[in-house]
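What follows is one structure encoded as structure tokens, with my remarks underneath.
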Amino acid sequence: MTKTLITVALWALAGYALGSWSNPHVGWGTLAFGLLLMVLVSGRQISLVTRWARNIESAPPASVGPWDDILSLIYRKLRADRETIARLQGDMQRMLEAAEALPDGAVTLDGQMNLTWSNRSAREHLGLQSHTDVGHSIFNMVRAPEFATYARQGRWEEPLQLHVQGPDQHRTLLVQLVDYGVDRYLMVTRDITQIERLETTRKDFVANVSHELRTPLTVLKGFLETLQDMPPDSLTADQRLRYVAMMQEQAARMEAIVSDLLTLSTLESSPLAEAEPVDMSALVHKALQQGRLLSRDQHVFVEHCEEDLQIEGVSAELASAVSNLITNAVRYTPQDGTITVSWYQDEEGRAIYSVQDTGIGIAAQDIPRLTERFYRADRGRSRATGGTGLGLAITKHVAMRHEAELRIKSRYGSGSTFSLVFPASRVLRATPSDAE
Ligand code: ADP
């Protein structure tokens, strides 16, 4: 404003000076010219400012007279706002990325329970499509009637356990609705399929253990009651001995189950002991001796052992796996069958322990379940031969603890081959001095 007044005054002064020097018309003409020039300059500046205002993201025009100060103030404010927006956008983006990466599912819903946003886990849990499902009712996507009942309660103190069928698997979800803001809902989903499965396995296991122990216990109790109820001299010495032997058999069965359970629990809970070179052929020889005793010369044994082939591992654990497979071969192979035990290195450097029998074999549908605790393909034979149903579960655990694989090949009626395949990284060759 001051600048403008000074410029008008200067033009008036120039007009006055020229008017006094020449004549008054020249003076007025100079003043009029000056004012016109000022109007034109000002018009040009306004048009530069207007053009900038249309594209406010660009730098403001360099020299626009009285507008310079205003524009620099506006421009500074604009730049500060732009930086704030960029920072907020960055924060928002990071928050969205964090929400997207949450292991739990998160879904936001509007007042009518229409989907407004969902993260990756929620899309996976509920089979949502990120773009096409936005704006649609959650009840079209989660169709379980119990969910509709839960969602319509309006107050959600407890989560809902929901079973949903995904494209490739069945899931159990824990769903919790929360209201936030006005007419806004947050739905949190947690996949508890694994936890539920473990819980079922635990319950089954407890039921199985109780059942397994109850059978011999009932038999034992029956004998004791019979003995108690009988007049003292009504049993001959022979009969008494037979009863005692039968009771011992039941007690031994319970002892075997408890001992196998303890072995399993130790294998599951303890860290692997320090690995040391294990002379597997010595373990195989020992297990074969026990196998021959168990067989009572009713089977033919064939043995192929690479004597100097050793592996890094835990001897006691490997001994139980080695003998388990031989014992099973004896128990599930009828008289005169052949049992072939091999310990060798294959062309890929892996060490293989295999027990092949010509026994009763296993039906294809039973093979994948054999390593489950208490799973028996041939229940009668297992019981009759003192099986606990835990041997292969123990063997599989020992294998896993040695990075080995338990392979089972079998044909129902014509025999089986059980192999433990140890990785080449665990293989050692005994030097002659070790053998001495
Ligand atoms: P069990 O004490 O009952 O033998 P295991 O865990 O050792 O328990 O074996 C599980 C089941 O696998 C057995 O009940 C049996 O039906 C089957 N099985 C194991 N080894 C053999 C084999 N060599 N031949 C046929 N069936 C076998």
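Atoms within a ligand are numbered from 1 in the order they appear, just like the ligands themselves. All heavy atoms count here, side chains included; hydrogens, waters and symmetry mates do not.
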Residues, nucleotides or ligands: over 12 heavy atoms within 6.0 Å of Tyr412 OH:
no
With atoms numbered from 1 as shown, which atoms in ligand 1 lie under 4.0 angstrom from a non-hydrogen atom of Gly389?
1 (P), 2 (O), 3 (O), 6 (O), 8 (O)
Find all atoms of ligand 1 within a distance of less than 4.0 Å from any non-hydrogen atom belonging to Leu390, and give their numbers and elements.
6 (O), 8 (O)
In terms of its nearest heavy atom to atom 19 (C) of ligand 1, the top option of Ile257, Asn328, Asn324, Asp366 is Asn328
Nitrogen or oxygen of Gly387 less than 3.5 angstrom from that of ligand 1:
no
List in chain and number order the residues that pass side-chain contact (heavy atoms from CB on, under 4.5 Å) with Asp279, two or more places apart in sequence or in another chain; answer none if no residue qualifies.
Ser281, Ala282, Gln310
Test of proximity, Ala377 against ligand 1: N or O pairs below 3.5 Å:
yes
Classify the side-chain pair Asp260/Thr388 by whether it contains a donor and acceptor separated by less than 3.5 Å.
yes
Within the structure, does Ala393 bring an N/O atom to less than 3.5 angstrom of an N/O atom in ligand 1?
no
Looking only at non-hydrogen atoms, the one of Phe418, Phe374, Tyr332 nearest atom 14 (O) of ligand 1 is Tyr332
Atom indices of ligand 1, in the order listed, that fall short of 4.0 Å to a heavy atom of Tyr375:
10 (C), 11 (C)
For ligand 1, which atoms have a heavy atom of Leu392 less than 4.0 angstrom away?
5 (P), 6 (O), 7 (O), 9 (O), 10 (C), 12 (O), 19 (C)
Of all the non-hydrogen atoms in the protein, which one sits nearest to atom 23 (N) of ligand 1, and at what distance?
Asp357 OD2, 2.9 Å
Heavy-atom side-chain contact between Asp104 and Ser121 under 4.5 Å:
no
Heavy-atom contact under 4.0 Å between Ser416 and ligand 1?
yes
For the residue pair Thr108 and Thr116, confirm or rule out a side-chain donor-acceptor distance under 3.5 Å.
yes
Within the 3.5 Å criterion, strictly below it, is a donor on Glu158 or Gln176 matched to an acceptor on the partner's side chain?
no
Of all protein heavy atoms, the one nearest atom 3 (O) of ligand 1 is Ser382 OG, 2.5 Å
Using distance alone, with no hydrogens and no angle criterion, decide if His163 and Glu146 have a side-chain donor and acceptor under 3.5 Å apart.
no
Asn55 atom CG: more than 12 heavy-atom contacts under 6.0 Å
yes
Ligand 1 atoms nearer than 4.0 angstrom to some heavy atom of Arg331 are 1 (P), 2 (O), 4 (O)
Pick from Ile362, Leu370, Ile408: the one approaching atom 26 (N) of ligand 1 most closely through a non-hydrogen atom
Ile362
Axial cation check for Phe205 ring with Arg373, 6.0 Å and 45° limits
yes
Polar contact flag, side-chain donor to acceptor under 3.5 angstrom, Arg429-Gln345
yes
Ile360 N/O under 3.5 Å from ligand 1 N/O:
no
For Thr388, the atoms of ligand 1 under 4.0 Å from one of its heavy atoms are 2 (O)
